[in-house]
Amino acid sequence: MSTPPIIRTGKTAVDPTDVVLELDEVVQTFHGKGGLKVHAVNGVSLKIARGETLGLVGESGSGKTTVGRAALRLYTPTSGRITFEGADVSRVKGRKLRRILRRRSSMVFQNPSTSLNGYMRLGEILREPLDVHRVGTPAERKRKVEEILDVIGLDAAYAQRYPHELSGGQRQRVGIARALMLDPSLIVADEPTASLDVSVQAQIVNLLEDIQAERGLAYLFITHDLALVRRISHRIAVMYLGRIVELGAAEDVFARPQHPYTASLASMELTPEHQIIPEGELPSPANPPPGCSFHQRCPIARPQCARERPELTEVADVVSGQPRSFACHFPGELTLALADERVVTVPPPLPVVPALAAR
Amino acid sequence: MNNDHNQPPAEAGKAHMPSVVTEGDPWGSVPTVAGIEPQNAGEAIPRKAPGRLREILRKAWGNPSGRVGFVLLGLLVLAAVFAPLIAPHDPVVQTLAATNEAPVWLGGESGYLLGADSLGRDVLSRVLHGLRLSLLVGIVAATVSALLGLTLGILAGWYEDTLGKVLMRLADIQFAVPFVAVGIALTAALGPGLGPVLVILSVWGWTTYARTIANSVAQVKRADFVTAARTLGAGTGRIMVKHVAPSVLAPVVVLWSTSAGVLILAESGLSLLGLGVQAPGFSLGSMLSDGQVALRLSWWAVLFPGTALLLIVLAFNMIGDALRDAFNPSSSLAPKNPELV
Ligand SMILES: Nc1ncnc2c1ncn2[C@@H]1O[C@H](COP(=O)(O)OP(=O)(O)O)[C@@H](O)[C@H]1O
Ligand code: SF4
Ligand SMILES: [Mg+2]
C-alpha cells in the first residue's frame, strides 16, 4: 500500500455491543423499466455501533447508496429487518417513524450544491429540522443555529446568506451542520468528499472525525476512496452487486483481502502492472448471475462458483484476531503482487483458511 | 473494470491525508488554502438580506422593457382606481344631444375629449371606468388560475405516476373542448353575468401552469435537498410548500403576468358574444361589442377602449418578459442548482 495502512488519528473507541443500527438480510428491489426487477440490495446484513464508522466501498452501481437510503428508511425494505437503537423500524410509518428514526438520524450528501435548497437562507435550512420536530422556542432555535454555525466555523451572520454565496467546502459544512441539528446517533454520509477539492476534503473529514469524537455518533460512510475509507473507518464493508462480499476491521480488509474482488480493489493502489482488473462490466442488478455474483469476472473462478453462491462466513483474522467475514469459496487465493518500490508495507503472505476452503 | 476504482495509482492514494493526519488537529488549523476565504466575514454581511421576490422585482425593474411595463400598468391601475374622481362625466348617463358626438379635437362641439358613443355617453369616462372591471377580471382570473395551476402542477409532478397521469389526461381533454362553448353553456346554466365568465376564465388556465411545472416538480422531488428534508422528518405537505413551490415559482409568476393580458382579451371576446357583464355594467370588452353596431358613426367608441386593452396586454407582456429575464438561471440571482431550472 502506498500509505501506511493504519493511521488511527481520530478514531474513537467503540463498544461493539452498543449497536445503533442493524440491518438484517435487507433486500431492496426496485421496479425498473419494462417491469424488470432491479435487486439493488440483495440481502445485506451489518451492524454499526455507537461512535463507530463503518466504511462502505464498492464500484458504482454496487448498491452503496441504496443501502444508505434503505437504512434511513427512505424506502420500505422489500424484505429483511432494520433495527435502529433497539427498535424495529423496518415498516413503521408516519409519526412513529418520525419520532424514532427521523429524530435521531440524518444524511450528508455527495454534492453540497444540490443538497441545500438554493431558495432558502442558511438559517432557514438549519432551523428546519428543529421546526419539523418542534424543538425549543423560536429564540432557542435561533441560538442553536448560531451555535452550530460556530461549530462548523462560520460567523453567525451567515444565517442570512443563501447557499450560492458560499464555497463548496462551506456548503458541505452547512450540510453537515444540518445533519447535526437534532443531535443524531447515526449519520449516513454518501461520498461526502467526492465532489470537493483535495484540500477541502481534508477539512470535511477532520470535521466529521472531530464531531464523532465529541458526540459519539455512528457513521455509515460510503465512498470509493480507499485511502480515505481506511483512514476514517473502524470497519469496512465491501459491496459487489447488491451484496456485502467482505467485511472486517479497517486495518485487515485491504491488507489481507480474502475475497478476490477486495483484492482487485486493493490492487488499484499498486502500479499498473500489479493491478488486478476484473474482466467485463458489473452485471446488471436486474439479472444477477447464478452462484457467486462475481464468478464471470473473477480471475480464479472455478465451476463450483457458477453453481453455488458462497455465504458470508465469519472467521478471526489470522494476524489481528479481529472478526472478519467474506463470501468466497476460495478465500485468500488471489494475492496482491508486492514487488513494487512504492509499496512500503509488505503484507504477510496470505493465509489459507482451511475451514473455509472446504466449503 | 470501468469504474470508480479504476484510477491511476498516483490518484488512488490521492495526496489525501498526509497533511491532515496530524494528531488532534482541529480542522480549523488546516493550512488555509486558496479558495477558502476567512470565515469571519460578519462585517460585510447585512443582517437582513432582501427577500428573493424583492430581488427579482428589482431586477425586472432594472430592465428597460420591464420598467416601461411597470409604469404603464401602474398608470392604468391608477386610472382605474381613481376613475370616479378623474372621469369628466358619469359613464352611464346618456345625453341625447351628444349621440355619436366626435372628440373635441375632431370638431366635436359638446366638449367630450374622446367623443361620445351611439347612446350619447362620454367615451373617456367609460374607458376609465371600463378599465376597472377589465383589470379586475384579468388579475383575479390570472391569480386564481395561477394558484390552481400551481397546486395541481405540484400534485401532478409529485404523484407523477398516478394523479399526475389523470391530471394530464384531463388537461388533454380540456384542450379539445372549445372554451367559448363552455362559456355559453355555463352562462346558460348560471344565467348571464360576470360570474360565469369569471369562473371559466379562472378555471381554464390551470393546464398551462400544471404542464409547465409538473416536470420540474418531479425533478425537485428527487433533489438531494428534498431527501435531506425527508430524512429529517419533514412531511410531504411541508416539503411541497417549503421546498417544491419556491423552486417552481419563477415560471408561475412569468405565466401569471402574460396570462393576465390574455385573460382580459378573452373576457372581451366573450363580451363580443354577449356573455359576461350585462348593461348597465360594462368593461372595455363590452364597450367594443356595444360600439361595433355604430362603428361607422362613432368609431372612437371602439378605438379607444381597444387601445386601452392593447396597452394593458402590452404592459403585462413587457413585465412578463422582464420577469422571465430576471428569473433566468444564468442570472446571478438564480440558485446554482442547474437541474432545478
Ligand atoms: N430508485 C431506483 N429505481 C431503480 N433502480 C435503482 C434505483 N436506485 C438505484 N437503482 C439501481 O440500483 C443499483 C445500485 O445503485 P446505487 O445504490 O446507487 O449504487 P452505488 O451507490 O453503489 O453507485 C444500480 O443499478 C441502480 O441503477
Ligand atoms: S466464489 Fe469463486 S467466483 Fe466468487 S469470488 Fe470466490 S473464487 Fe471468485
Ligand atoms: Mg452512490
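Lettering of chains follows the sequences in order, A, B, ..., and the numbering in each one begins at 1.
Only the side chain of A/R69 comes within contact range of chain B, judged by heavy atoms closer than 4.5 Å. If you measure heavy-atom distances from A/L182 to chain B, the contacts under 4.5 Å come from the side chain alone. Proximity to chain B is absent for every atom of A/M181, based on heavy atoms less than 4.5 angstrom apart.
Residues of residues 227-244 of chain B that come within less than 4.5 angstrom of chain A, heavy atom to heavy atom, are B/T227, B/A228, B/A229, B/R230, B/T231, B/L232, B/G233, B/A234, B/G235, B/R238, B/K242, B/H243 in numerical order. Close approach to chain A, defined as a heavy atom under 4.5 Å from one of its heavy atoms, is seen in no residue of residues 149-160 of chain B.
Rounding to the nearest 0.5 Å gives a distance of 8.5 Å between CG of A/D190 and CG of B/D224.
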Checklist entry - Step by step, would you call A/E128 with B/F225 a side chain to side chain contact (heavy atoms under 4.5 Å, CB included)? => result CA-CA 12 Å; A/E128 182 168 38; B/F225 64 78; over 6 Å; no
